[in-house]
Amino acid sequence: MAGLDPASADADLIPALAAAFPGFAFGVAPIDDDYWRDTRSVLRPDGTRIGELRPWMAAELAKDNGDIAAVWRRLKETDLQITEWRGSSAFASAPTGPGAADYLQIALGREIEWRAGPIVNPDYPPWGESELLDPSWPRTDQLPDSDRLAGPVYRLLGRAGGAVIHVRSFLDRCGRVEREKREAKRPELERRVIREVGPGGTTRETPFLEALPDYFDFVPRELRFFQDWEESSARPQRVFAHWALDARDYTHKGEREVGFIPRPLNPPKERLLMTPEASVHLLMDRIEAVDREVGLSFGWFFLMTHGHWVDPDVGLAIAGGLKAQRVRLPDPDARVLLRWADRSYGF
C-alpha cells in the first residue's frame, strides 16, 4: 500500500490487496469516523518543510528557556504554518468460506495531509506547553482543497492487535481466552459463598457456583452475534456486507482482552426508540421499515445488539408480544430473539 500513487490510490487499493493476498476477492467499505494523526510538520508558505512539529517546537521553547508566552509572541509574527494528517477508516474484507465468520478483515486508514493553519493561534496565547506541542485549535470541519498537501494514502491501522484478522479464528480466540479467564478463577469461586440476611437476622449461605451453575458455560457476546446471524434470516447475506468489526487483542494489567465492537456500514437515518405509546404492532411495522432501509432481513436485531440505533426495550417488547402470541416472526428469528430476551447482550 505504501507504493500506491495518491492520484489513483482509491482505484488501485483492491488490486494491490489482491496481489498481496492471491486468491482472495476483496471488497472495501469506508467508515465515516474522522480522526487525526499526531504527526505534524512545520511548513514555510512556499511549501518547504522545516521539520516535525514536536521536536522543532521543543527547540523553540528551549531558545526562550521554556517561556511559553515569549515563544508565542515571537512565533505569531512569523508566516510559518503547521500540517496535519486527517483520516477515516476503511475495512477490506474477503470471504474464505460459506459461513458467517468465514472471512478476512483488514482495518485500514485512508489519510490526507492538510495545511492546518498558522504555527500558533495569533489571537489567544497557549494555556500550556502541550498546546504548542500538540495544538488542537486549528481544526475545522472542512478545509479547502487548495490546502491539501498529500494523499490519499492507505496504511494499516494499529487497532490493538486487530488490524488483520481471520474472523472465525478470532472468534475461537475470544472463546478460548474467556474460558481460560474463568477457569483461572475456579478455585476461588468454589470457596465463595453468597450470604443473605433474612428477617430476624437469620443468614443463609449459598455456594456461588450453586447459584450460578452455568458460570463456566458463558458465551461471549462476539460469538453470540455470529451464532445469531447463522441461525436467523440474516444468514443468506454476508456479515461484512453490513458490518465492520473494530477488533482488539491486547493485555492490560496482566489480563488479556480480546473482542470487537460491530460498526454498521449502512445505519438507518433515524434511531428506533421505545416510547410509552408504542404498541407491539406499531413496533413490528417499524422494525420492518428498518430492515427495508438497511437491506437486511432481521437487520434491526443486530442494530439493537449494537446498542445505539435500536433501543433494546424494542426487542424486549417484541419478545413479550411473541410469548403472548400477539405478533409473529419467522421461526428462526423468533428463536434468536427469545434467546436474546432470556439472556441479553450488547456492545
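At least one side-chain heavy atom of L156 sits less than 4.5 Å from a side-chain heavy atom of L108. Between Y154 and D10 there is a side-chain heavy-atom pair separated by less than 4.5 Å.
The residues R49 and E113 are annotated as salt-bridged, a charged nitrogen and a carboxylate oxygen being separated by less than 4.0 angstrom. Between D249 and R256 there is a salt bridge, with a side-chain nitrogen of the basic residue lying less than 4.0 Å from a carboxylate oxygen of the acidic one. Classification of E231 and R335 as a salt-bridged pair fails, no side-chain N sitting under 4.0 Å from a carboxylate O.
No side-chain donor-acceptor contact under 3.5 Å links H308 to the backbone of R271. Judged by distance alone, the side chain of R74 and the main-chain N or O of E60 form a donor-acceptor pair under 3.5 Å. For the pair E230 (side chain) and A101 (backbone), a donor-acceptor distance under 3.5 Å is absent. No side-chain donor-acceptor contact under 3.5 Å links R40 to the backbone of D134.
Annotation: side chain to side chain donor-acceptor pair (under 3.5 Å) contacts involving residues 189-199, sequence neighbours excluded, comprise E188-R192, R195-E205.
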*CA sep, side-chain torsions, deciding dist, call: M57, I119, side chain to side chain contact (heavy atoms under 4.5 Å, CB included)*: CA-CA 10 Å; M57 186 63 77; I119 188 72; 4.0 Å; yes
*asked:* Could you walk me through whether L322 and V327 satisfy the side chain to side chain contact (heavy atoms under 4.5 Å, CB included) test, starting with their C-alpha distance in whole Å, then the side-chain angles of each, then the deciding distance to 0.1 Å, before giving a yes or no?
replied: CA-CA 5 Å; L322 288 172; V327 293; 4.2 Å; yes
*Verdict with supporting geometry, D246 and F347, side chain to side chain contact (heavy atoms under 4.5 Å, CB included)*: CA-CA 11 Å; D246 199 346; F347 292 91; over 6 Å; no
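Between F260 and F170, the ring-plane angle classifies as tilted under the 30° and 60° cut-offs. Between Y103 and F226, the angle of the ring planes lies from 30° to 60°, which puts this pair in the tilted group. Note: F298 and F301 have parallel aromatic rings, judged against thresholds of 30 and 60 degrees for the angle between ring planes. Ring geometry for F302 versus W229: interplanar angle of 30 to 60°, hence tilted.
Atom CZ of R235 has 12 or fewer neighbouring heavy atoms from other residues, nucleotides or ligands inside a 6.0 Å radius.
Taking R148 as the reference, D145 meet the side chain to side chain donor-acceptor pair (under 3.5 Å) condition, with sequence neighbours excluded.
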